[in-house]
Amino acid sequence: MILDTANEIYYSSVSTWEVLLKHSSDPQNLYITVKQFIERCQYSGFISVNLSDKHISAVETLSRPENAPEHKDPFDRLLLSQAKTENLIFVTHDKKFSDYSEDCVIIV
């Protein structure tokens, strides 16, 4: 999907923020700096999606069954909310997203 030039690829300011926090707390585990992350996304032609109030508000609209395991990661919920609000496809390998009843999620 990333290599297909017909697809537009987006990255979120939420991911940028998460890279900053994770690199700052454990640079051995996440070697890339936030500056490098942004530069690589821009070099690759990815489009930035900035976090807005509508994305934050939409977190409350995310649909999950009541009996689904709790998903406390605020970054994940914000990313999904952005995808849903902006009519984007959220591609992830994180199985926690399989509990969401959102059409915008693709688990790879």
Side-chain angles (χ1 to χ4, degrees):
M1 287 185 263
I2 292 174
L3 297 177
D4 185 344
T5 56
N7 293 330
E8 291 181 325
I9 308 298
Y10 294 82
Y11 72 101
S12 172
S13 59
V14 173
S15 296
T16 306
W17 180 26
E18 189 169 19
V19 167
L20 172 73
L21 294 175
K22 288 187 176 185
H23 176 78
S24 296
S25 68
D26 190 3
Q28 298 301 322
N29 192 37
L30 185 65
Y31 66 91
I32 190 170
T33 67
V34 72
K35 182 179 181 217
Q36 292 169 325
F37 175 77
I38 293 167
E39 287 172 350
R40 289 178 187 182
C41 287
Q42 290 174 344
Y43 177 79
S44 298
F46 299 170
I47 303 163
S48 177
V49 177
N50 292 317
L51 184 63
S52 72
D53 290 343
K54 71 179 179 179
H55 301 138
I56 295 167
S57 296
V59 168
E60 294 179 327
T61 71
L62 298 177
S63 178
R64 288 170 53 86
E66 287 185 25
N67 61 344
E70 198 169 358
H71 188 192
K72 293 184 178 184
D73 188 324
F75 293 104
D76 287 354
R77 293 194 313 271
L78 286 169
L79 291 169
L80 182 54
S81 176
Q82 282 184 306
K84 179 179 179 178
T85 304
E86 300 299 330
N87 293 317
L88 301 172
I89 302 298
F90 184 74
V91 180
T92 182
H93 71 278
D94 191 336
K95 302 294 186 226
K96 292 177 196 160
F97 287 97
S98 61
D99 290 325
Y100 285 92
S101 305
E102 300 294 344
D103 295 335
C104 61
V105 178
I106 294 178
I107 309 285
V108 292

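If you're wondering where the values come from, they're calculated on a predicted model, not measured in any experiment. Residue numbers start at 1 and run along the sequence shown.
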Is a donor from one side chain sitting under 3.5 angstrom from an acceptor on the other, for His71 and Asp76?
yes
Does Thr33 offer a backbone N or O that forms a donor-acceptor pair with the side chain of Gln36 under 3.5 Å?
yes
I'd like to know if the side chain of Thr92 reaches the main chain of Asp94, judged simply by a donor and an acceptor atom lying under 3.5 Å from each other, with no hydrogens or angles considered.
yes
Just wondering, more than 12 heavy atoms not from Asp26 lying within 6.0 Å of its CG?
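Enclosed: over 12 neighbouring heavy atoms sit under 6.0 Å from CG of Asp26.
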Roughly how far, to the nearest 0.5 Å, is [atom2] of [Y] from [atom1] of [X]?
X: Leu80; Y: Asp73; atom1: CG; atom2: CG; result: 11.5 Å
X: His55; Y: Leu78; atom1: NE2; atom2: CG; result: 9.5 Å
X: Asp103; Y: Phe90; atom1: CG; atom2: CZ; result: 15.0 Å
X: Lys84; Y: Ser63; atom1: NZ; atom2: OG; result: 7.0 Å
X: Tyr11; Y: Ser48; atom1: OH; atom2: OG; result: 4.0 Å
X: Ile56; Y: Thr85; atom1: CD1; atom2: OG1; result: 10.5 Å

For Glu86, is there an ion pair with Lys54 - N to carboxylate O distance below 4.0 angstrom?
yes
With a 4.5 Å cut-off on side-chain heavy-atom distances among I, L, V, M, F, W and Y, is there a chain of contacts connecting Ile107 to Leu79?
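Hydrophobic grouping puts Ile107 with Leu79.
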For residues 13-21, run the donor-acceptor check on the side chains, cut-off 3.5 Å, and write out each pair with its distance to 0.1 Å, sequence neighbours left out.
residue	atom	partner	partner atom	Å
Ser13	OG	Leu51	N	2.9
Thr16	OG1	Ser12	O	3.3
Glu18	OE2	Lys22	NZ	3.1

Answer yes or no: is there a side-chain heavy-atom contact under 4.5 Å between Val108 and Met1?
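Yes, their side chains come closer than 4.5 Å.
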Do His23 and Ile32 come close enough that some side-chain heavy atom pair is under 4.5 Å?
no
Which heavy atom of Val59 sits nearest a heavy atom of Arg77, and at what distance?
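For Val59 versus Arg77, the nearest heavy atoms are CG2-O, 4.0 Å.
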Least distance between heavy atoms, Leu88 atom then Cys104 atom
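Of all heavy-atom pairs spanning Leu88 and Cys104, the closest is O-CB, 3.2 Å.
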Aromatic ring proximity, centroids under 6.0 angstrom, Tyr10 and Phe46:
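Not under 6.0 Å, so no.
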